[in-house]
Amino acid sequence: MSDSPNDAPSAAARRDFIREMVAEDVATNRFGRPIATRFPPEPNGFPHIGHLKAIALNFGIAREFGGRCNLRFDDTNPTTEDVKYVEAFKTDLTWLGYQWDAELYASDYFEKLYAFAELLVENEKAYVDSQSEPQIRQTRGTVTTPGTDSPYRDRTVDQSLELLRRMRAGEFPDGAHVLRAKIDMAHPNMVMRDPLLLRIRHKHHYRQGDNWCIYPFYDFAHPLSDAIEGITHSLCTLEFKDNNDIYKWLVRECGFVHPPEQTEFSRLELDYTLFSKRKLLRLVNEGFVAGWDDPRMPTIAGARRRGVTPEALIAFVESAGVSRKPQRTELATYEHAVRDDLNMRVPRVMCVTNPLKVVLTNYPEGQVEELDASYYPHDVPKTGSRKVPFSRELYIERDDFMEDAPKKFFRLAPGREVRLRYGYFITCTDVVKDAKGEIVELRATYDPATRGGDSPDGRKVQGTIHWVSAPHALDAELRLYDKLFTIPDPDAVEEGEDFVSVLNPESLVVVKGAKIEPSVANDPAGTRYQFERTAYFISDAIDSKPRALVFNRTVTLRDSWAKIKNK
RNA sequence: UGCCCCCUCGUCCAAUGGCAGGACAUCGGUCUUUGGAUCCGAGAAUGGUGGUUCGAAUCCACCGGGGGCAACCA
């Protein structure tokens with residue numbers, strides 16, 4: 001049965017339909033070489049969580065099957081690309097923990113691609129078309145009607161070759177000619193109706209400078225770049241499905257023997273999120289967000305600044321799975337991945353978002369105690385603690401007090417007793433209000449026997465609340481981030497509206513007067529915490545300063561009280 | 001309207017002709033010095049109709065639904 005050593009690995013590797021296929025190809029040595037994948041972004045925007053699915057797949061498969069994975073920039077369009085985006089990809093890939101086997105650029109293949117162009121012309125598989133752009137569009141036909149041949153389709157090899165060389169030499173203005181594959185203008189697959197291969201673009205390229213004035217299209221550059229690199233498995237998203245026909249055609253016509261094979265999988269979609277680079281660029285350019293690394297952006301840089309770890313991001317995209325079904329993942333799946341990761345790694349500290357002063361009337365004036373507070377709860381296998389000062393005047397969360405509290409409210413209320421986390425039991429005795437009737441202060445008594453939070457008489461309290469010592473607390477700015485859009489699918493807007501109309505006006509709420517325990521004073525910017533009972537936060541890598549602390553909310557804690565309250 | 005892809009709990013993914021299972025979410029309980037986490041439990045799905053087969057989520061046909069393709073973008 002399982003005597004064959006080949007059985008075990010292929011069974012173990014069976015995780016999704018692509019890995020299954022790769023396992024099969026490895027087992028049969030289909031390509032006659034180790035498997036090779038590539039991550040081929042166009043450097044025209046920042047990498048985002050949608051890219052990460054492709055990244056995790058390509059790098060993951062290479063690693064799992066003993067292959068290699070290239071980072072190749074698909075930089076064939078000089079009008080949209082920029083070196084700052086290639087830097088962003090490299091920075092973020094490194095931060096995520098991926099190492100590419102080679103850093104390559106499609107634009108470095110322009111010379112090779114040009115040679116293939118001449119080869120195709122010589123073999124009568126391509127021709128120079130001199131129709132105008134609108135003419136080309138019109139003669140392509142529609143999805144239901146066939147296209148018609150270009151009058152230039154029957155140019156001789158010599159005529160096309162001469163034109164092609166002059167195109168390269170820069171003798172023609174933009175749009176004067178294009179190189180097209182000679183396939184079938186009536187093909188049922190629109191992509192196969194004599195696809196365009198090369199266009200004239202007198203434009204400075206961020207990497208090639210002015211070396212070229214002809215630039216290849218995706219359908220020309222992409223398959224050949226894969227083939228040149230010896231890629232075995234060219235993995236891409238489903239919208240390129242129709243391009244698979246031209247992919248196969250091209251690598252065959254160009255003479256590759258064991259050419260790469262393209263396989264498509266569905267794109268990642270996330271509720272309340274947009275991944276379209278055009279739209280993200282608009283959010284940045286029109287100031288709806290602070291930049292590509294705004295913590296609300298679905299970019300890797302945004303997630304990083306928001307406090308999400310690489311491990312959480314990767315766990316999330318891997319949990320989303322790989323299939324060919326159009327998928328739309330719930331935000332809760334993402335948030336779970338983030339919390340699940342942070343729970344096990346970050347220290348807990350106390351921060352009061354909306355402070356309400358409490359005076360302990362029976363606590364000696366001027367006395368300060370240093371209470372020992374563990375950084376981690378009992379179920380997290382990490383150790384460490386800090387001292388938190390305790391005094392007569394404290395701040396507690398305004399939401400942790402209710403004057404007329406329902407039975408299920410376990411926190412502070414007149415006459416009720418709660419535990420201060422790591423501190424004492426306190427009982428609320430008085431509510432102090434201002435002239436308008438607003439609660440401005442609470443009076444309470446503490447039980448000296450309950451120091452540290454345990455009652456020697458075995459008395460139980462229902463609630464434990466967080467607090468800070470008023471004279472010792474540090475001021476902090478909290479940036480409370482929430483979903484960027486108000487509806488799960490920001491593209492599903494009314495006629496005449498666009499995604500901008502469903503931006504969430506409360507996607508960022510800045511809280512200036514938060515009070516945090518002094519232990520965090522000298523932690524470096526970029527330190528992650530859980531603020532007990534509220535949310536995970538990270539001190540902002542750019543704006544947080546020792547005397548002006550700024551924290552970004554990564555994700556809230558689950559809040560089962562909110563559910564009870566809303567019933 | 002042509003071609004192509006897809007359709008399994010609310011969501012995402014399994015089941016490779018043989019007991020429809022897992023994760024997230026939901027609900028209930030346990031535990032708790034975080035209304036966090038943990039642990040236990042529950043409800044929840046094969047789009048429809050036919051066919052092939054001892055046996056169909058799986059194969060076939062038709063119907064229905066969703067998506068992609070008509071940039072000198074990728």
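Labels below follow one simple rule: chain letters A, B, ... track the order of the sequence lines, proteins then strands, and each chain is numbered from 1.
A gap of 30 Å separates the P atoms of U11(B) and G2(B), to the nearest Å.
Of the candidates C13(B), U34(B), A37(B), the closest approach to any side-chain atom of Arg533(A) belongs to U34(B). Of the candidate nucleotides G2(B), C6(B), G36(B), C6(B) has the atom lying nearest to any side-chain atom of Lys325(A).
Atom CZ in Arg528(A) sits roughly 19 Å away from atom C1' in G36(B) (whole-Å rounding).
A sub-4.0 Å separation between OP1 or OP2 of C24(B) and a side-chain N or O of Arg328(A) is absent. Listed pair Lys408(A) / G35(B) fails the phosphate criterion, with no side-chain N or O lying under 4.0 Å from OP1 or OP2. Close to C13(B), at under 4.0 Å from its OP1 or OP2, lies a side-chain N or O of Gln327(A). Residue Arg421(A) places no side-chain N or O under 4.0 Å from the OP1 or OP2 atom of G36(B).
Pairing analysis of RNA chain B (Watson-Crick: purine N1 to pyrimidine N3 plus N6-O4 or O6-N4; G-U wobble: N1-O2 and O6-N3; both under 3.5 Å) yields stems of 3 or more pairs at B:2-7 with B:64-69, B:10-13 with B:21-24, B:26-29 with B:39-42, B:47-51 with B:59-63.
For a distance-only test at 3.5 Å, the side chain of Arg558(A) fails to qualify as a donor-acceptor partner of the base of G35(B).
Shown for residues 71-84 of chain A: residues whose heavy atoms fall under 4.0 angstrom of RNA chain B, namely Asp74(A), Thr76(A), Asn77(A).
For residues 316-337 of chain A, every residue pair satisfying the ring-ring contact (aromatic ring centres under 6.0 Å, His included) rule, not counting sequence neighbours, is listed here: Phe316(A)-Tyr334(A). Each salt bridge (charged side-chain N to carboxylate O under 4.0 Å, His left out) pair with one or both residues in residues 338-350 of chain A, not counting sequence neighbours, appears once here: Glu311(A)-Arg345(A), Glu335(A)-Arg339(A), Asp341(A)-Arg345(A).
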Checklist outcome for this item: Under a 4.0 Å heavy-atom criterion, the protein footprint on nucleotides 42-48 of chain B, written with B, S and -, is -------
Checklist entry - How would nucleotides 64-71 of chain B be written as a contact map, 5' to 3', with B for base contact, S for sugar-phosphate-only contact and - for no contact, using protein heavy atoms under 4.0 Å? => result ----BBBS
